Amino acid sequence: MKLWVVLCLALLWVELQNGDCQQVKRRKDVGENRIRPGGKRVKVRPVKPKDGAGKGPSLLTQVLDKGRFLRLGPSTTLTPGRSIELRCKGNSIGWSYPPYLDTFNDSRLSIKSSDKYSQLILTSPSAADTGPYSCWVIVCDGTECERDHDRTYVSHIYFTDKANLFVPSAIHFEIVYLRPDRPAVVPCRVTDPQAKVSLHREVPPEEITANGTQVTYDPTKGFVLQNPSLEHQGVFYCKAVTKGTPQISTKYQLLYVEVPSGPPFVSLEASPESVEGGDNVNVTCTVLGEPEVDVSFTWSYPGQGSRPVHTQTSWRLVNRGMSHTTRVSQSVLTLEDMETIDFGNYICKAKNQNGETVVATDIISK
């Protein structure tokens with residue numbers, strides 16, 4: 001009997017020892033409350049991992065009254081009419097702002113720099129000044145300087161005006177070119193990011209739904225057509241609504257473009273090709289290209305420098321094939337009262353932003 005009691009007591013002691021070990025282990029694992037030497041309990045907070053992939057805080061700030069500063073985020077809404085001052089820290093800073101302000105050489109905009117920061121001041125801003133304002137640090141290696149893309153900060157500033165829900169434009173009828181290989185933008189930008197905006201075709205009247213895939217809307221850009229096609233041609237406009245009366249934007253003519261990007265496609269023709277002394281001749285250099293891409297012409301001819309000639313340059317938009325739009329640019333060289341020195345090669349060089357093309361034709365004597 002005594003042996004049985006001893007065995008029971010021994011088993012009970014072993015179980016208690018195991019329970020104490022597990023309890024100690026649990027306390028170490030949880031680590032919720034620990035006792036400092038002073039006897040006070042403190043709550044242990046988990047350490048947050050550092051995010052090394054993101055950029056640091058924005059250096060672009062707005063100067064408020066009484067020396068206060070507001071660090072700007074991706075977008076900012078301000079009231080028109082009240083001058084603004086933006087600052088960017090650094091002793092070598094670059095700025096960008098809506099091109100509208102540069103186009104008219106606007107005296108309301110000024111930029112000043114000091115050893116510690118650069119400031120951009122815009123007086124009497126209006127709805128037309130809505131757009132992206134950006135600053136960046138300029139880094140130099142000797143005489144070569146470049147923009148530091150890791151320290152570039154931008155904020156889209158809306159100057160909200162109830163009378164102008166759309167950013168005003170100097171053009172009352174804009175052309176938007178559609179290409180099958182890139183998205184197209186109907187640029188009806190708003191001054192109030194909370195406005196509800198819709199896209200409409202004029203004839204036949206219909207609303208084009210922004211479905212988030214083929215057609216998307218961005219208040220900083222407008223409506224984006226991801227895969228433009230021939231069916232998107234026509235006259236369009238946007239409608240914006242807040243709490244008041246709906247407003248209508250500028251009208252947009254959407255044209256489908258046939259000619260792909262690249263150096264000019266040039267043809268050269270003399271009329272007549274065979275002449276004799278005393279005749280007049282026209283040499284026409286023709287380029288088919290993208291509607292909005294300018295083309296410049298340069299001529300070389302036998303009597304250059306000693307014989308007077310007249311050149312005239314023009315361009316127009318034409319429809320080709322299935323209503324594709326193409327720009328035809330021409331330069332016509334006219335030479336009157338042909339002389340012996342005028343016979344030979346007439347060379348036309350056409351140049352656009354993508355390259356240049358050189359063609360020649362030979363004018364011979366009968």
Side-chain angles (χ1 to χ4, degrees), residues 72-80 96-100 125-134 154-258 260-261 290-292 317 319 322-325:
L72 300 185
S75 66
T76 307
T77 302
L78 300 177
T79 303
S96 70
Y97 38 83
Y100 156 84
S126 66
D129 301 319
T130 296
Y133 290 76
S134 176
V154 60
S155 182
H156 192 96
I157 300 180
Y158 298 91
F159 292 100
T160 301
D161 185 353
K162 294 181 180 179
N164 292 285
L165 290 182
F166 290 105
V167 178
S169 172
I171 303 173
H172 298 290
F173 196 91
E174 295 189 37
I175 296 178
V176 176
Y177 297 106
L178 309 175
R179 294 179 175 81
D181 59 343
R182 71 186 76 168
V185 178
V186 182
C188 47
R189 299 180 294 120
V190 291
T191 63
D192 184 351
Q194 302 303 319
K196 295 182 179 180
V197 187
S198 53
L199 177 64
H200 300 262
R201 184 195 297 271
E202 195 168 68
V203 180
E206 65 172 326
E207 180 179 343
I208 308 300
T209 304
N211 54 23
T213 54
Q214 295 301 313
V215 180
T216 60
Y217 179 70
D218 183 340
T220 68
K221 297 179 182 179
F223 283 92
V224 182
L225 310 178
Q226 299 295 337
N227 298 293
S229 63
L230 193 59
E231 66 181 16
H232 290 125
Q233 281 203 137
V235 178
F236 290 75
Y237 63 90
C238 296
K239 181 189 293 185
V241 180
T242 52
K243 296 180 181 180
T245 304
Q247 294 184 19
I248 303 299
S249 72
T250 294
K251 291 186 178 180
Y252 302 94
Q253 175 72 60
L254 276 58
L255 298 176
Y256 197 72
V257 176
E258 177 186 25
S261 300
E290 298 176 88
E292 77 275 35
L317 296 180
N319 289 331
M322 297 293 293
S323 298
H324 295 72
T325 301

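Everything numeric here is computed off the predicted structure, so don't read it as measured data. The figures here come from the full heavy-atom set of this structure, side chains too, leaving out hydrogens, waters and symmetry mates.
- With contacts defined as side-chain heavy-atom distances shorter than 4.5 Å, the pair Phe173/Val235 qualifies.
- Using modelled atom types and a 3.5 Å distance limit, the side chains of Ser169 and Glu174 yield a donor-acceptor pair.
- Taking each heavy atom of Gln233 and Tyr256 in turn, the nearest pair found is OE1-N, 2.8 Å.
- Side-chain contact check for Lys239 versus His200: some heavy-atom pair is nearer than 4.5 Å.
- Ring centroids of Phe236 and Tyr252 are separated by 6.0 Å or more, keeping the two rings apart.
- A donor-acceptor pair is defined here as one N or O able to donate and one able to accept, closer than 3.5 Å; no such pair exists between the side chain of Asn164 and the backbone of Asp161.
- Asn227 and Gln214 get closest at one heavy-atom pair: ND2-OE1, 2.9 Å.
- Of all non-hydrogen atoms in Lys221 and Arg189, the two that sit nearest each other are O-CG, 3.4 Å.
- Residues Pro291 and Val257 are in side-chain contact: their nearest non-hydrogen atoms beyond the backbone lie under 4.5 Å apart.
- Screening Thr220, Asp192, Thr191 for a side-chain contact (heavy atoms from CB on, under 4.5 Å) with Tyr158, the sole residue that qualifies is Thr220.
- When atom types are taken as modelled, the side chain of Arg179 and the backbone of Ser229 share no donor-acceptor pair closer than 3.5 angstrom.
- Rounded to the nearest 0.5 Å, atoms CZ (Phe166) and OG (Ser249) are 4.5 Å apart.
- In terms of heavy-atom proximity, Pro132 sits nearest to His156 at N-ND1, 3.6 Å.
- In this structure the side chain of Leu254 reaches within 4.5 angstrom of the side chain of Leu225, judged on heavy atoms.
- Within the model, atoms CD of Gln253 and CG of Leu317 stand 10.0 Å from one another, a figure rounded to the nearest 0.5 Å.
- A donor-acceptor contact closer than 3.5 angstrom links the side chains of Ser155 and Thr76.
- Checking side-chain atoms of Thr130 against main-chain N and O of Phe159 turns up a donor-acceptor pair under 3.5 Å.
- Leu199 CG to Tyr237 OH: the interatomic distance, rounded to the nearest 0.5 Å, is 9.5 Å.
- When all heavy atoms are compared, the tightest approach of Ala210 to Phe223 is CB-CE2, 4.0 Å.
- Side chains of Thr79 and Thr160 form no contact here, defined as non-hydrogen atoms less than 4.5 Å apart.
- In terms of modelled atom types and a separation under 3.5 Å, the side chain of Gln247 and the main chain of Lys162 share a donor-acceptor contact.
- Pro183 pairs in a side-chain contact (heavy atoms from CB on, under 4.5 Å) with only one of the listed residues (Leu178, Thr216, Val224), which is Val224.
- The side-chain heavy atoms of Leu78 and Ile157, taken from C-beta on, include a pair separated by under 4.5 Å.
- The two residues Ala127 and Pro80 come nearest to each other via the heavy atoms N-CB, 4.5 Å.
- Going from atom SG of Cys238 over to atom CD1 of Ile208 covers 10.5 Å, rounded to the nearest 0.5 Å.
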Please test Glu292 against Tyr177 for side-chain contact (heavy atoms from CB on, under 4.5 Å), starting from the C-alpha separation and ending with a verdict.
CA-CA 8 Å; Glu292 77 275 35; Tyr177 297 106; 3.6 Å; yes
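- The shortest distance between side-chain heavy atoms of Pro193 and Thr77 falls below 4.5 Å.
- Proximity of Leu165 to Thr242: side-chain heavy atoms (C-beta onward) are separated by under 4.5 Å at one or more points.
- Between the side chains of Thr209 and Asn211, no donor N or O sits under 3.5 Å from an acceptor N or O.
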